[in-house]
Visitor: 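Right, I'll just put the structure down here and ask away after.
Worth saying up front: this structure is predicted, and the values here are computed from it rather than measured. Counting starts at 1 for both ligands and their atoms, following the listed order. These values consider heavy atoms only, across backbone and side chains, with no hydrogens, waters or symmetry-generated copies.
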Amino acid sequence: MKVDVLLGLQWGDEGKGKIVDVLTPGYDIVARFQGGPNAGHTLEFNSIKHILHTIPSGIFRPHQLNVIGNGVVIDPVVFKKEVEALTRLGIDLKNKLLISKKAHLILPSHRILDAASEAAKGHTKIGSTLKGIGPTYMDKTGRNGLRIGDIISPSFTEKYNFLKEKHKALLTIYDFPYHIEEQEKEWFEGIELIRKYEIIDSEVFINQQLLKGKKVLAEGAQGTLLDIDFGSYPFVTSSNTICAGACTGLGIAPSRIGEVLGVFKAYCTRVGSGPFPTEQDNDTGDTLRKTGNEFGSTTGRPRRCGWLDLVALKYSIMINGVTQLYMTKADVLSDFEIIKIAVSYKINGAETETLPYDLKNISKPKYIEMKGWKCDVSSITSAGEIPKELVNYIKFIEKETGLPVTIVSLGPDRKQIIFRR
Ligand code: GDP
Ligand code: IMO
Ligand code: MG
């Protein structure tokens, strides 16, 4: 069998969590492949909203296994809180959650380093979620990191202290007050909890399951424009959020990739700093934020909002080899008379449809205007009921990208979803 990869095509928060939850019954295993508690994946059903940070979004379905892959970075404190919240809901995680030995650990001192680095950057800060993501991946690539597999070693505390002391030495370059010891108690409690879970060689497990004919859905975090290599660097996260990240983050071969399911919002949002060509820092942006409830799932920060950007979307499709598009939050556009879509950029007076090296250089995107549908679409239950203006909006995107939009999500709830073919 192949692994289908679901990922974000914009700056994150495209609605990946909701879609994974909807698709999970069609799979045997859901596996997160990168990122960490910087992610906030929201699911809604029975009028209750759930936000997951580390645990895959397949966890609410009764029959599927959920794997936290080697590419993920885990903060035991956040993990413990998530487990406790799910346990309160009566979800039996023990039989459903497996954790890779090779996933790296976020230490309290990684979080402090993240905060110190951001504070030192001042107005040039990345706008990090301050979850310790950057410093943890730095230690991974710098070959200093602690992994989940280390927690069963008798020398774990020694390794922990060694890395902590290294971080303390690094922190002397910043003028930043901190108290690691206060955070250590809950961190070690989180470690104790992780020890109770099945810690596995997830790359071997997943490949064995594929050979047995099991279906695997790989769940991405963040979005393509936040990718460490291809995003709007340096305003990116520290992992490969793209399809290739599923290979390295789960230990699956490229030939094992099946469908690449690209999720995008019917408009754009971005949280944190960095260029955003179609940003609407005006009433339009305010309306999108208000109607779309665009506030970060992890940090609560207001998200910057703007029109759909086809130049960026096509770039993301190319990098990922997307085979199907899933569009979310079209319901948020329901009140607009006119909806704009960026089709090209202007750089130094010249028009381009290619994403430039530095998005800062774009003077103005060129937009086409489409007529809005001006009606409530949130209770539509079949493709045939989609108003013609929204069908036109979808068809325009399909024509421009050459891909089918096979899912249209029209509200946060599990049930608010239309399958188009
Ligand atoms: P993720 O990080 O990609 O999983 O997305 P987030 O959960 O951070 O942000 C998406 C937000 O939009 C969440 O609050 C979802 O509940 C909500 N959402 C998802 N799909 C839709 C949709 O089609 N319409 C509306 N109105 N909200 C949606
Ligand atoms: P999900 O999975 C949106 C952004 C941060 C910041 C930059 C770097 O929910 O889509 P980091 O904490 O990784 O060092 O932050 O990336 N960012 C996200 N934005 N959704 C996310 O995840 C994000 N994860 C990180 O806001 O600009
Ligand atoms: Mg999110």
Side-chain angles (χ1 to χ4, degrees), residues 6-22 32-45 48-54 56-57 72-73 75 106 110-111 113-115 117-118 125-138 219-228 231-239 241 263-276 288 290-304 326-334 376-378 380 407-418:
L6 182 140
L7 41 76
L9 297 179
Q10 295 159 326
W11 280 283
D13 303 330
E14 296 89 349
K16 300 174 292 292
K18 173 196 164 160
I19 307 280
V20 169
D21 170 59
V22 169
R32 263 280 298 272
F33 61 86
Q34 46 67 236
N38 49 350
H41 294 181
T42 315
L43 293 76
E44 237 181 272
F45 52 91
I48 304 174
K49 184 167 155 173
H50 307 276
I51 302 178
L52 296 166
H53 302 286
T54 320
S57 302
V72 177
V73 289
D75 184 334
I106 302 176
H110 281 131
R111 270 187 254 129
L113 277 166
D114 204 0
S117 160
E118 281 283 84
K125 69 175 183 190
I126 307 296
S128 157
T129 59
L130 304 181
K131 300 293 174 191
I133 304 297
T136 306
Y137 279 114
M138 276 166 71
E219 174 181 3
Q222 290 80 55
T224 303
L225 303 173
L226 289 172
D227 180 85
I228 182 72
S232 44
Y233 193 88
F235 302 101
V236 293
T237 190
S238 299
S239 65
T241 60
V263 187
F264 72 102
K265 267 181 202 170
Y267 49 97
C268 277
T269 62
R270 170 163 209 169
V271 62
S273 327
F276 179 1
L288 288 169
K290 194 157 168 264
T291 317
N293 191 23
E294 294 294 357
F295 295 89
S297 313
T298 298
T299 59
R301 291 177 292 176
R303 294 176 183 148
R304 299 155 63 193
Y326 293 168
M327 184 168 85
T328 60
K329 303 195 88 160
D331 54 300
V332 175
L333 297 176
S334 291
D376 179 13
V377 289
S378 61
I380 284 177
I407 284 182
V408 180
S409 168
L410 295 170
D413 194 274
R414 210 185 238 182
K415 292 195 185 122
Q416 291 171 299
I417 195 137
I418 309 287

Visitor: Note the single closest protein heavy atom to atom 13 (O) of ligand 2, along with its residue, its atom name and the distance in Å.
Guide: Thr237 OG1, 2.6 Å
Visitor: Around atom 16 (O) of ligand 2, find the nearest protein heavy atom and jot down its residue, atom name and distance.
Guide: Leu226 CD2, 3.7 Å
Visitor: Regarding atom 8 (C) of ligand 2: of the candidates Thr129, Thr269, Val236, which has the closest heavy atom?
Guide: Val236
Visitor: Arg301 near ligand 2, heavy-atom distance under 4.0 Å?
Guide: yes
Visitor: Where do Ser409 and Lys18 land on the side chain to side chain donor-acceptor pair (under 3.5 Å) test, with the steps shown first?
Guide: CA-CA 9 Å; Ser409 168; Lys18 173 196 164 160; 2.9 Å; yes
Visitor: Of all the heavy atoms in Gly8, does at least one lie under 4.0 Å from an atom in ligand 2?
Guide: no
Visitor: Side chain or backbone, does Glu14 bring an N or O within less than 3.5 Å of an N or O on ligand 2?
Guide: no
Visitor: To the nearest 0.1 Å, how far is atom 20 (N) of ligand 2 from its closest protein heavy atom, and which atom is that?
Guide: Asp13 OD1, 3.0 Å
Visitor: Give every protein N, O or S atom lying under 2.8 Å from the Mg ion (ligand 3), naming each by residue and atom.
Guide: Asp13 OD1, Gly40 O
Visitor: Is it true that Gly40 lies under 4.0 Å from ligand 1, counting heavy atoms only?
Guide: yes
Visitor: For atom 7 (O) of ligand 1, what's the nearest protein heavy-atom neighbour? Residue, atom name and distance, please.
Guide: Thr42 OG1, 2.5 Å
Visitor: Quick check: does Gln222 get an N/O under 3.5 Å from an N/O on ligand 2?
Guide: yes
Visitor: When only distance counts, is Asn38 in polar contact with ligand 2, meaning an N/O pair under 3.5 Å?
Guide: yes
Visitor: For the residue pair Glu44 and Gln416, confirm or rule out a side-chain donor-acceptor distance under 3.5 Å.
Guide: no
Visitor: Determine whether any heavy atom of Val332 lies closer than 4.0 Å to an atom of ligand 1.
Guide: yes
Visitor: Pull out every atom of ligand 1 sitting under 4.0 Å from any heavy atom of His41, numbered as shown with elements.
Guide: 1 (P), 2 (O), 4 (O), 7 (O)
Visitor: Should one rank Pro234, Gly272, Gly127 by closest heavy-atom distance to atom 6 (C) of ligand 2, which comes out on top?
Guide: Gly127
Visitor: Answer with yes or no whether the side chains of Gln222 and Thr241 bring together a donor and an acceptor at under 3.5 Å.
Guide: no
Visitor: May I have all residue pairs that pass salt bridge (Lys or Arg N to Asp or Glu O under 4.0 Å) and include part of residues 125-138, sequence neighbours excluded?
Guide: none
Visitor: Under a heavy-atom criterion of less than 4.0 Å, does Arg303 contact ligand 2?
Guide: no
Visitor: Side-chain donor-acceptor pair under 3.5 Å between Ser128 and Asp114, yes or no?
Guide: yes
Visitor: Show me which atoms of ligand 2 lie under 4.0 Å from any heavy atom of Trp11.
Guide: 3 (C), 19 (N)
Visitor: Looking only at heavy atoms, is any part of Ser409 under 4.0 Å from ligand 1, and if so is it the side chain, the backbone, or both, or is it neither?
Guide: both
Visitor: Does ligand 2 come near enough to Asp114 that some N or O of the ligand is less than 3.5 Å from an N or O of the residue?
Guide: no
Visitor: List for me each residue that meets side-chain contact (heavy atoms from CB on, under 4.5 Å) alongside Ile228, sequence neighbours excluded, and say none if there are none.
Guide: Tyr233, Val236, Asn240
Visitor: I'd like to know if the side chain of Ser273 pairs up with that of Arg304 as donor and acceptor (distance under 3.5 Å, no hydrogens or angles considered).
Guide: no
Visitor: Looking at atom 18 (N) of ligand 1, what's its closest protein heavy atom, distance included?
Guide: Pro412 CA, 3.9 Å
Visitor: With sequence neighbours excluded, what pairs up with Val73 under the side-chain contact (heavy atoms from CB on, under 4.5 Å) test?
Guide: His104, Ile106, Ile133, Thr136, Tyr137
Visitor: Could you identify the single nearest non-hydrogen protein atom to atom 4 (O) of ligand 1 and state the distance to 0.1 Å?
Guide: Gly17 N, 2.8 Å
Visitor: Which one holds for Lys131 and ligand 2: side chain close, backbone close, both close, or neither close, with close meaning a heavy atom under 4.0 Å?
Guide: neither
Visitor: Answer yes or no: does an N/O atom from Leu130 fall short of 3.5 Å to an N/O atom of ligand 2?
Guide: no
Visitor: Starting from atom 15 (O) of ligand 2, which protein heavy atom do you reach first, and at what distance in Å?
Guide: Ser128 CA, 3.4 Å
Visitor: At what distance is the nearest protein heavy atom to atom 27 (O) of ligand 2, and which residue and atom is it?
Guide: Val271 O, 3.1 Å
Visitor: Between ligand 2 and His41, is the shortest N or O to N or O distance under 3.5 Å?
Guide: yes
Visitor: Heavy-atom contacts under 4.0 Å between Phe235 and ligand 2: side chain, backbone, both, or neither?
Guide: neither
Visitor: Where is the nearest protein heavy atom to atom 27 (N) of ligand 1: which residue, which atom, and how far?
Guide: Lys329 CE, 3.4 Å
Visitor: Quick one: look up the protein heavy atom nearest atom 9 (O) of ligand 2 and list residue, atom name and how far away it is.
Guide: Gly40 N, 2.9 Å
Visitor: So is Ala39 close enough to ligand 1, meaning a heavy atom under 4.0 angstrom away?
Guide: no
Visitor: Identify the protein heavy atom lying closest to atom 24 (N) of ligand 1, giving its residue, its atom name and the separation to 0.1 Å.
Guide: Asp331 OD1, 2.8 Å
Visitor: Strictly under 4.0 Å, does any heavy atom of Arg303 approach an atom of ligand 1?
Guide: yes
